[in-house]
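Taking it in order: structure first as structure tokens, then the write-up.
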Amino acid sequence: MKFNTQLIHGGNSEDPTTGAVSTPIYRSSTFHQHVLGGEPKWEYSRTGNPTRASLEKLIAELEHGTAGFAFASGSAAIHATFSLFSQGDHFVVGSDVYGGTFRLINKVLKRFGLEFTVVDMQDLEAVENAIQDNTVAVYFETPTNPLLQIADIKAIADIAKKHGIKTIVDNTFATPYNQQPLTLGADIVVHSATKYLGGHSDVVAGLAVTNDDEIAEQLAFLQNSIGSTLGPDDSWLLQRGMKTLGARMRVHQENANEVINFLQNDDHIGKIYYPGLKDFPGHEVAAKQMRNFGAMISFELKDGLDAKKFVESLQLIDLAESLGGIESLIEVPAVMTHGSIPREIRLENGIKDELIRLSVGIEDPEDIIADLQQALKKLD
Ligand SMILES: *Cc1c(COP(=O)(O)O)cnc(C)c1O
């Protein structure tokens, strides 16, 4: 099955008991056991639930993994993944990561004795040099949030393999539609499914996938032990959203191209961050490892222009956290999604106070552009 077919017919796309073509919502916390001490397929919904299992099978197939796990949020999926490791273990992590991941690492995981070295993942030599005797894994996003930096997944996974450590990729921005890190050598993929996978800004969810049986067994154990699982209603809603991922991504990306053309020709706009631009530093690696370049665009206004006034003047595009929804969403990372990162560190990593991040929706592109245009005019 090819990808778009898989989105619709993958997972347990049909209910075996009724033939329902939409996986039913099994809203049951526990399951009747007919034999005492037997090994029932379903026993308790934290451990396993048929609706969640359908979603987990689907994401495993889409990412070319052998096992998928659904969590209450992307952050919960990332937390469970780091819980595979122990006190004293060291990680090489990308310098540009989602603000909440930065917070999880610095305010939570460090307290439990995990150690981290932050590295620019575009610099392969720096990645290799950061590996220590106690390093167990590299962790990064590509494209990154919010600077859209591109890391070469295969090259990094090759370095990791050479040193006997794992590669973990946050694939939220690309989605499996654009890139499948496990096929490039990664061991674990995590997602904030709240974003493109859900796609409609109506569910908070996270996913993890692996193709390593030992990791799969441990992740199942941790998912059950920590208990941050996705409920059956949200599992259904997420799988419903994922069926149209391919159709949505095609329109998101067509629109992103039109918005890029507009931004490139507008005098208010300074630097544009988009991997599809030929002169963008990560363009060639992105072209090699991604099907297309996604629909996340970051940009700076020219010096002296008021980012606050610009985003507050928009009428159609929602000023909101999150991304990947059908509606265009805009935000200022320094104040919003990456506000939990201290200013000096943020600036060092290239996230200026005026940086604007736009998640291009699937509205008619003329309307998105007209809204950007009228808000930019207010700055004159
Ligand atoms: C949003 C996001 C997360 C966190 O996911 P939640 O579902 O909000 O917990 C992790 N990584 C990236 C890249 C994100 O954009």
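Remember, it's a predicted structure, so these values are computed and weren't measured experimentally. Order of appearance sets the numbers: ligands from 1, and atoms from 1 within every ligand.
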Can you confirm if the NZ or CZ of Lys41 lies within 45° of the ring axis of Tyr26 and under 6.0 Å from the centre of its six-membered ring? no
Under 3.5 Å, N or O to N or O, is Ala76 touching ligand 1 that way? no
Under 4.0 Å to a heavy atom of Gly74 - the qualifying atoms of ligand 1, by number: 5 (O), 6 (P), 7 (O), 9 (O)
Mutual orientation of the aromatic rings belonging to Phe31 and Trp42 [parallel < 30°, tilted 30-60°, perpendicular > 60°]: tilted
May I ask you to check whether Glu141 has an N/O atom sitting below 3.5 Å from an N/O atom of ligand 1? no
Atom 4 (C) of ligand 1 - nearest protein heavy atom and its distance: Tyr98 CE2, 3.4 Å
Using a strict cut-off of less than 4.0 Å between a Lys/Arg side-chain nitrogen and an Asp/Glu carboxylate oxygen, indicate whether Asp158 and Lys154 qualify as a salt bridge. yes
Assign the ring pair Phe82 / Tyr139 to parallel, tilted or perpendicular, where the plane angle (0 to 90°) is split at 30° and 60°. tilted
Any salt bridge linking Glu331 with Arg357? Criterion: basic side-chain nitrogen under 4.0 Å from a carboxylate oxygen. yes
The option among Asp170, Val97, Thr194 carrying the non-hydrogen atom nearest to atom 10 (C) of ligand 1 is Asp170
Logged contact type for Ile78 with ligand 1, heavy-atom cut-off 4.0 Å, is side chain
Pairs of nitrogen or oxygen atoms closer than 3.5 Å, one from Thr101 and one from ligand 1: do any exist? no
Taking the six-membered ring for Trp, are His191 and Tyr196 closer than 6.0 Å centroid to centroid? no
Report the nearest protein non-hydrogen atom to atom 1 (C) of ligand 1: residue, atom name, distance rounded to 0.1 Å. Lys195 NZ, 1.4 Å
Which is it for Ala205 and ligand 1 at heavy atoms under 4.0 Å: side chain, backbone, both or neither? backbone
Salt bridge present between Glu61 and Lys57 (N-O < 4.0 angstrom): yes
